[in-house]
Amino acid sequence: MKRLGLFLPVAAGVMWGSVGIFVRKLTDFGMDGVTVLESKMSATAIILFISIFIYKREWLRISLKDIWLFVCSGLAGMMLLNLCYNEAVTRLTLSFAAVLLSLSPIFVILIAAAVFRERVTRRKILCTLMAILGCFLVSGVLETDGGRVTLPGIVIGLLAALFYALYSIFSKAAMKKGYNVFTITCYSSMVVALVLIPVADWEMIGAFSMEAPSSNVTLMIMHALFTAILPYVFYTAAFTYTDTGKASILAAGGEPAAAMVFGLLFFGERPTVLSCIGLVVTIVALAFICRPEKKDKAESRV
């Protein structure tokens with residue numbers, strides 16, 4: 001059971017790290033970011049709704065006064081997160097985009113400090129600086145001409161991390177009200193799918209589906225399964241066998257590492273020595289950030 005608790009969050013991180021493969025395939029065909037996201041969210045919402053309806057219908061029950069949570073987690077978190085991350089993987093290497101996204105715990109700390117008055121300690125500041133250093137090394141600017149590193153790409157990647165943090169906050173608020181992750185993911189993805197219906201290029205989705213019905217429709221279903229549905233299932237199931245902090249660390253480590261491997265296998269993005277060091281530095285920094293704070297008088301408040 002302990003081994004399963006270690007495997008599940010890593011598997012979730014690996015699946016999240018595969019986003020770039022699907023996004024680049026769809027954008028190369030001519031889809032814009034909104035259409036790529038709509039193809040994913042509509043498939044996610046349909047698959048989850050049907051699965052929950054068949055397996056456990058009571059999970060579809062929600063209170064009208066809690067709808068705002070699903071709207072916020074869907075629009076402020078899921079939609080903007082995916083739009084920014086999808087754009088980041090087209091402007092940056094897969095590994096660099098994934099490392100930027102893994103910085104979301106830093107934004108959680110900043111938001112918690114501003115909204116909930118949680119203290120920001122010296123350890124958190126040092127770990128944040130350490131994570132930024134790791135991102136700088138992963139970017140490859142010290143070893144290449146920076147052709148795959150652009151300022152807009154970095155800003156968009158950081159925005160993805162911010163929206164990921166917001167999604168975490170809203171989804172945790174929904175879980176505190178008794179909703180499970182399947183209900184939250186289903187209704188959040190449903191909100192996104194409904195909002196994007198009028199602005200998505202459905203002719204492009206249809207053309208992609210009709211060009212090679214078997215393979216292309218399968219690809220869109222896999223996009224939903226491997227980057228939205230299964231990662232959340234594995235990540236949540238991991239909490240049964242391990243604590244939340246350890247699960248988040250393993251997922252945060254698995255995602256950029258997998259993205260680095262996928263970038264090499266599918267797009268010839270060869271990792272350098274410094275980028276590998278930067279990946280390790282970032283993961284270690286996030287591991288220390290995610291560790292529970294100890295009550296230590298020597299640790300001063302900023």
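We use all heavy atoms of the structure for the numbers below, so side chains are in, but hydrogens, waters and symmetry mates are not.
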* To do: Determine, stepwise, if the pair Val19 / Asn82 fulfils side chain to side chain contact (heavy atoms under 4.5 Å, CB included).
  => CA-CA 10 Å; Val19 168; Asn82 280 276; 5.9 Å; no
* side chain to side chain contact (heavy atoms under 4.5 Å, CB included) between Thr44 and Met190: does it pass, once the steps are laid out? -> CA-CA 8 Å; Thr44 298; Met190 197 178 295; over 6 Å; no
* To do: Please test Leu75 against Val195 for side chain to side chain contact (heavy atoms under 4.5 Å, CB included), starting from the C-alpha separation and ending with a verdict.
  => CA-CA 9 Å; Leu75 299 183; Val195 168; 3.7 Å; yes
* To do: Could you check Val284 against Val281 for side chain to side chain contact (heavy atoms under 4.5 Å, CB included), going step by step and ending with a plain yes or no?
  => CA-CA 5 Å; Val284 170; Val281 169; 5.9 Å; no
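Of all non-hydrogen atoms in Ser39 and Leu26, the two that sit nearest each other are OG-CD1, 4.1 Å. Of all non-hydrogen atoms in Ser209 and Val217, the two that sit nearest each other are CB-CG2, 4.0 Å.
Asp32 is not listed as a side-chain neighbour of Thr27, based on a closest heavy-atom distance of 4.5 Å or more. Inter-residue side-chain proximity for Glu38 and Ile197 is flagged as met; some heavy-atom pair is nearer than 4.5 Å. Leu158 places none of its side-chain heavy atoms less than 4.5 Å from the side chain of Leu162. Counting heavy atoms from C-beta outward, Phe96 and Ile154 have side chains that approach closer than 4.5 Å. Residues Met78 and Met41 are in side-chain contact: their nearest non-hydrogen atoms beyond the backbone lie under 4.5 Å apart. Counting heavy atoms from C-beta on, the side chains of Arg61 and Thr183 never come closer than 4.5 Å. Side-chain contact between Arg57 and Ile52 is absent, with no heavy atoms from C-beta onward closer than 4.5 Å. Between Phe163 and Cys84 there is a side-chain heavy-atom pair separated by less than 4.5 Å.
The CG atom of Leu196 sits 12.0 Å away from the NZ atom of Lys40 when rounded to the nearest 0.5 Å. Here the straight-line distance linking atom OG of Ser51 with atom CD1 of Ile229 works out to 7.0 Å at 0.5 Å rounding. How far OG of Ser215 is from CE of Met222: 11.0 Å, rounded to the nearest 0.5 Å.
The same ILVMFWY cluster, assembled from side-chain heavy atoms under 4.5 Å apart, contains both Val199 and Val36. Hydrophobic clustering (side-chain heavy atoms under 4.5 Å, transitive across Ile, Leu, Val, Met, Phe, Trp, Tyr) groups Leu80 together with Ile184. Leu101 and Ile156 are assigned to two separate hydrophobic clusters, defined by single-linkage of ILVMFWY side chains at heavy-atom distances under 4.5 Å. Ile277 and Leu126 are assigned to two separate hydrophobic clusters, defined by single-linkage of ILVMFWY side chains at heavy-atom distances under 4.5 Å.
Heavy-atom contacts from other residues, nucleotides or ligands closer than 6.0 Å to CD of Glu203 number 12 or fewer.
Clustering of Ile, Leu, Val, Met, Phe, Trp and Tyr by side-chain heavy atoms under 4.5 Å joins Ile50 with Ile46, Ile54.
With hydrogens and angles ignored, the 3.5 Å screen pairs no side-chain donor or acceptor of Thr35 with any backbone N or O of Met31. Side-chain N or O atoms of Ser18 include one that pairs as donor or acceptor with a backbone N or O of Met15 at under 3.5 Å. A distance-only check finds a donor-acceptor pair linking the side chain of Arg24 to the backbone of Val89 [under 3.5 Å]. No donor-acceptor pair under 3.5 Å is formed between the side chain of Ser73 and the backbone N or O of Ser171. Judged by distance alone, with hydrogens and angles left aside, the side-chain atoms of Thr227 form no donor-acceptor pair with the main-chain N or O of Ala224 at under 3.5 Å.
In this structure, the ring of Phe107 has its center no less than 6.0 angstrom from the ring center of Tyr164.
Taking Lys177 as the reference, Asp66 meet the salt bridge (charged side-chain N to carboxylate O under 4.0 Å, His left out) condition, with sequence neighbours excluded. The ring-ring contact (aromatic ring centres under 6.0 Å, His included) check on Phe29 picks up Phe208, with sequence neighbours excluded.
Just one residue in the list Tyr187, Phe70, Phe170 forms a ring-ring contact (aromatic ring centres under 6.0 Å, His included) with Tyr179, and that residue is Phe70.
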